[in-house]
Each structure stands twice: as structure tokens, then as C-alpha cells.
Undergrad: 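Below: one structure in C-alpha cells.
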Amino acid sequence: MSGIVGFFSRAFDAIPVARPQDTAQTGTGTISIENGSVVVRGKGTKFTQEFVVGKHSITPKGEDPLRIKEIKSDEEIILGYPVCKDFVDHPFKIFEVLDQSSMYSNVWDKLGSNGCIGIFPEGGSHDRSELLPLKAGVTLMALGAMERFGKPVYIVPCGLNYFHGHRFRGNCLVEFGRYYKIPMSMVKLYKENRRQACTQLLKIIKESMETVIVHAPDYRTLQEVRLARKLYQGDVVLTPEKYIELHHRFLEGWQKFGDHPEVKQARTELQEYLEDLNALGLRDKHIEVEASHDSGTYTKILIFLRSCLVVLTLGLALPGSILNLPIGICARLSASKHAAEALKRSDVKITGKDVIASKKVVVALKLTLPLYILYTIIVAYYWGGLYAIVFFTFLPLLSFFTIRFAEEGLALASSLHTIAKMRWMYEEKIVELQGKREHLRNSLIKCVTSFGQALAGNANVDDWRIIKQEQVDVPLSPNTLHLRAKKRKAFNVQEQPIISDQEWSELKDIFG
């Protein structure tokens, strides 16, 4: 499989990168380090057997690698620089020290020939919704190329906002931010003080990237902000850029004015509304559609027609589903196992969902062709070569339509359950929630009117608005479907230095 991945990587002109964390091994025993000290003391450790100076680095679990200056004994190591926090009986990992000079040289040559490099500056995948501390390598790539070729380099932030990215055919909103042209004056600083130049540029990159991703301090806040944005937006259709920006503004307002009584009251009402929805197993999109006032005939016809469509679409999807069932089962089991292993090895993942989709793709690529060849051989054995050729030719097309029919059929089946809840099971509660929803929207409009100018700063609030006042005041139409976003859970990440002593020390080994 690595040969196939390598083939496509070369086809896309990818530059190979070796990561120290891919070489990680769990060290024996635990370590303790005092804040500001360079001495690592072990308990039950085997430093002389597991480490070689210049070849390995010691890495407290969840932290950056620490460069080893000297190995005193099995239970004492001297670091190349002091640490900035305490570690007491802390587990650790062993990282190999890798030479990345050839990789940086290839990147500089690509940028120098007016090429473009795509990079994930966080240094690895994760399933959080906020940025991890960025690695300084991206700044060395940009400034190093400018120093070598004397050409300006442009940084373009790109945000990947996943909606159930671990699921097959999950959606992803890709947003490109405003580019930043690195001034040549920063190259002069880079020659004089590389760390200071890289720190300044990394801060700019971090600020640029935060404009194209949506993150919140916790999942509860994310739910509130997402619902508040949707209620305030109403029937207004926004571009993806304005959609993300409106989300950012609500999050900023939530954090800046969260202690104000008016905002507190709105948040409390939002939480109660969300709790009511969860209790009924419904979503806001189900409440925003006004209940029908007919005698029930329309609902019965709708259920009958959708039931027929469910039978039809799932029936058409059945043959292809049976044929591809071995691939689906193997991909699911393998991805779940891979996610558990990745979660065990990682210190930043929450559930390991970030590796599930990619693993499913890899498994599908490995199994699809052999399985289809096996089916073709069976057809040829029973019905002859001509039928086998036709079967093999149209099998990919059958798989494609199977996916589409299955998606439509499952969506329709889910809608039948929702219709039953809204029309018969919880009809009175639905009407109550619709009134509560409208009250919530009016409360949010008042909050925006009250605090909009403070959030806009010196700008004119009317010009600053994404949705104009006259658009907000229009009552909601009963059957409008709004833009929706399903995002991953967000968790707190502690603030860390832009470039840590450990990371800079490792980079100095390459660039001096």
C-alpha cells in the first residue's frame, strides 16, 4: 500500500517529510524535572541503554522533545537548556533526532521557482476544533527561501472546518483568508536574529489562521454560538466567508460580554431550548418549519410518498450494498482499531476521529480492486467471458449509484421518524418550542443592537454589519432551510510560547 501512496504523492509533486513523533517509543520508568533546571532524574529508567546523545531526544508525555546534552547514568540526564515547568514522576517517550536539511532545501527550491507549498503548520493531525501551537518550520521555509532567492513569499491561510469528518462523505468547508506578503525587511532581521524573526512571522501566521477557522473554549459554548448565529441570521443567505465571520463575531461577543445580565439571560434561554430539543430527540431545523394546520391528510400523503421512495431507493441500493459489504465491514473495523492505536500514541487527540476517514480510504483502495476481480472471475466461471467484461466495466458505476441511492433512502427514512414526532407524538410541545424560538431570536437581536457598536470599535456599526438591520427585522418565513454546520467537539488548549526553547534548539542544529 505504501507504494500506491508513494505513487500518488510523487504525482502531486509532494515533498517527503519525516516526523520525530513517528519514531516515538515509550521510555522505561518515569522522570522528574524542576522548573528552570537542566537535570532530568529518572525512577526505574534505563537512560544509558535507551538514549544516545545526538541521536535521541527525551520527550515528557504531552510536551515537546528535549535535547540531550549528556547522559550521566541510567537515572540522570543533562539537557541542553532549562525547562520552563515542573515534571514529577512523569512518563516519557523516546524520539529520534532527524536531519531535515534536505527537506528544507527542496522546499526552498520549490518556492524559489515560483512554486506553491501546502503545509499543516500544527505538525500533525488532531480532532480538536482549535489550533494547536504552530511549529516554527513554516517560518523557516518562507524566510529561508526569501534569503536564498531574494524573492517575496506570500502566506495564504486556509481553514478546514469539518462537519463529521470521520464519516464517509462528510462535508468540509474550506475557507481561504487574505494573503500576507512577507516584507523583505523581515529577511534582514532573519539574518541578524533568526529566532526573533521566526517568532514575529509565526505570530502573524497564527492570527491569520484564526480568521478562517471556527473554535470555542468548550463544546457547550460552541453549541450556543452556533444556534445563536442561526437564529439571528434568519432567512438571510450568506456566502461561506460571511457565514464564518458572523460565527466569529458571535463567539467574540459571547466571550467579551458574557457577564452582562442581558447576555447571561439569552445564554440561559438558549441552554434551556437546547435541552428541550435533546429531550425530544429533535434539532432546531425541525422546529423552524411551521407545523401544518391541515386535518392530517397532507401528512398521511407525505408519509406514504416518502415510504415508497424509501423502499425504492434502498431497494436499488441493495445489490451494490451487498457486493461492497466486505469492504465496508473491513474499513470500519480497521479504522476503529487504527483510531484506538492513534489515540493511545497521541497526546493531543481526544477521540482519534481524525484518522478514521483516511484509514477507511486506504482500506477501500486496498480491497476494492481485488474484490471486484474476484467477483468478475465468479461471473466468468458461471456465465462466460463476455458477461464478465460487461460486469467489471459497470461495477464501479453500480457502486457509485449505490452510494447515492443509500444516502437518499436513509435520509428519507430518518425524516419519516421526525414527521411522526412532530405531527402526532409531540405536536403541542412543538408549538411551544416554536414560540420559545421566536422569543429567543428577538432577545438575540436586542443583544446585537445593544453591544454591536462596542464590538465594532471605531467602525460605523451600520457599515460593519454583515446582516443589515432591515434584514434582521423581517419575520422568519415558515419553510426556510438555513445553512447548517456540524462541527467536532472543542476542548481547551493551554497557551504556549510561540516557539519553545526545545523546538528552537532542535532547529538550530539544522540551521546554526
Side-chain angles (χ1 to χ4, degrees), residues 128-131 159 161 175 177 203 206-236 238-278 284 287-288 433 435-476 482-485 487-495:
R128 300 174 183 268
S129 65
E130 69 285 314
L131 287 173
N161 298 283
E175 184 183 9
K203 184 177 180 181
K206 182 176 184 291
E207 292 173 351
S208 299
M209 292 189 66
E210 286 181 339
T211 65
V212 292
I213 63 172
V214 176
H215 56 87
D218 53 68
Y219 183 56
R220 185 178 184 178
T221 302
L222 181 62
Q223 282 186 308
E224 294 172 7
V225 170
R226 183 171 59 187
L227 179 58
R229 186 274 313 157
K230 181 180 178 182
L231 293 176
Y232 178 77
Q233 180 181 337
D235 296 345
V236 180
L238 300 176
T239 63
E241 294 81 7
K242 290 184 177 180
Y243 169 86
I244 294 291
E245 177 59 24
L246 184 60
H247 209 129
H248 276 297
R249 291 185 183 182
F250 265 102
L251 181 58
E252 183 182 356
W254 235 238
Q255 296 171 336
K256 191 172 182 179
F257 307 109
D259 294 332
H260 194 279
E262 190 174 348
V263 177
K264 276 187 175 181
Q265 179 63 26
R267 293 189 66 172
T268 301
E269 293 175 356
L270 277 171
Q271 292 166 8
E272 292 175 354
Y273 178 67
L274 284 170
E275 290 172 0
D276 289 341
L277 290 178
N278 292 333
D284 179 66
I287 306 302
E288 67 182 337
L433 286 177
K436 183 179 290 187
R437 187 178 192 275
E438 184 63 27
H439 172 73
L440 263 175
R441 182 171 187 266
N442 293 331
S443 298
L444 290 169
I445 292 174
K446 291 179 181 178
C447 286
V448 172
T449 303
S450 301
F451 303 103
Q453 184 61 67
L455 201 61
N458 296 326
N460 184 287
V461 68
D462 292 328
D463 297 333
W464 177 78
R465 280 178 175 272
I466 294 176
I467 302 177
K468 303 303 180 184
Q469 185 64 47
E470 57 270 19
Q471 294 176 298
V472 173
D473 291 337
V474 175
L476 295 178
H482 300 272
L483 292 171
R484 295 185 296 273
K487 296 180 176 61
R488 299 156 289 138
K489 292 183 178 181
F491 293 83
N492 291 322
V493 174
Q494 295 181 353
E495 189 67 24

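Side chains included, hydrogens not; waters and symmetry mates left out as well; all remaining heavy atoms used.
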Undergrad: Of all residues at least two apart in sequence or in a different chain, which pass the salt bridge (charged side-chain N to carboxylate O under 4.0 Å, His left out) check with D276?
TA: K436
Undergrad: Do V236 and I466 make a side-chain contact, defined as non-hydrogen atoms from C-beta onward lying under 4.5 Å apart?
TA: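 V236 vs I466: side chains apart.
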Undergrad: Listed by chain and number, what are the ring-ring contact (aromatic ring centres under 6.0 Å, His included) partners of Y232, not counting sequence neighbours?
TA: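 Testing Y232 for ring-ring contact (aromatic ring centres under 6.0 Å, His included), a comparison that skips the adjacent residues, returns F250.
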Undergrad: Residues in ring-ring contact (aromatic ring centres under 6.0 Å, His included) with F451, at least two apart?
TA: F257, H260
Undergrad: Got a second to check how far K230's NZ is from D284's CG, nearest 0.5 Å?
TA: 4.0 Å
Undergrad: If you round to the nearest 0.5 Å, how far is CG of L274 from CD of Q271?
TA: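 Rounded to the nearest 0.5 Å, the CD-CG separation comes out at 8.0 Å.
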Undergrad: Is there a side-chain contact between R267 and V263 in this structure, where contact means two heavy atoms from C-beta onward sitting under 4.5 Å apart?
TA: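 Touching, per the 4.5 Å side-chain cut-off.
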Undergrad: For L444 versus A266, what's the shortest heavy-atom pair and its separation?
TA: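 Minimum heavy-atom separation between L444 and A266: CD2-CB, 4.4 Å.
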Undergrad: Could you list the residues that satisfy side chain to side chain contact (heavy atoms under 4.5 Å, CB included) with E269, not counting sequence neighbours?
TA: Q265, H439, L440, S443
Undergrad: How many angstroms lie between atom CD of E272 and atom CG of L277, to the nearest 0.5 angstrom?
TA: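 Between E272 CD and L277 CG, I get 12.0 Å after rounding to 0.5 Å.
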Undergrad: Looking at CG of L227 and CZ of R441, how far apart are the two atoms once the value is rounded to the nearest 0.5 Å?
TA: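 The distance works out to 12.5 Å.
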Undergrad: Quick one: side chain to side chain contact (heavy atoms under 4.5 Å, CB included) partners of N460, sequence neighbours excluded?
TA: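 N460 satisfies side chain to side chain contact (heavy atoms under 4.5 Å, CB included) with D462, D463 once adjacent residues are dropped.
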Undergrad: Can you name the side chain to side chain contact (heavy atoms under 4.5 Å, CB included) partners of E252, sequence neighbours left out?
TA: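 In terms of side chain to side chain contact (heavy atoms under 4.5 Å, CB included), with neighbours along the sequence ignored, E252 is linked to L455.
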Undergrad: Taking all atoms of both residues into account, what is the closest heavy-atom pair of W464 and A456, and its distance?
TA: CD2-CB, 3.4 Å
Undergrad: Is there a side-chain contact between L231 and L270 in this structure, where contact means two heavy atoms from C-beta onward sitting under 4.5 Å apart?
TA: yes
Undergrad: Under the rule for salt bridge (charged side-chain N to carboxylate O under 4.0 Å, His left out), what residues qualify as partners of R249, not counting sequence neighbours?
TA: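 Only E245 meet the salt bridge (charged side-chain N to carboxylate O under 4.0 Å, His left out) criterion with R249.
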Undergrad: Applying salt bridge (charged side-chain N to carboxylate O under 4.0 Å, His left out), name anything that partners K256, two or more places apart in sequence or on another chain.
TA: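 Once residues adjacent in sequence are excluded, K256 has no partner under the salt bridge (charged side-chain N to carboxylate O under 4.0 Å, His left out) criterion.
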Undergrad: Of all residues at least two apart in sequence or in a different chain, which pass the side chain to side chain contact (heavy atoms under 4.5 Å, CB included) check with T449?
TA: I445, R465, Q469
Undergrad: Atom CZ in R229, atom NE2 in H247: separation rounded to 0.5 Å?
TA: 6.5 Å
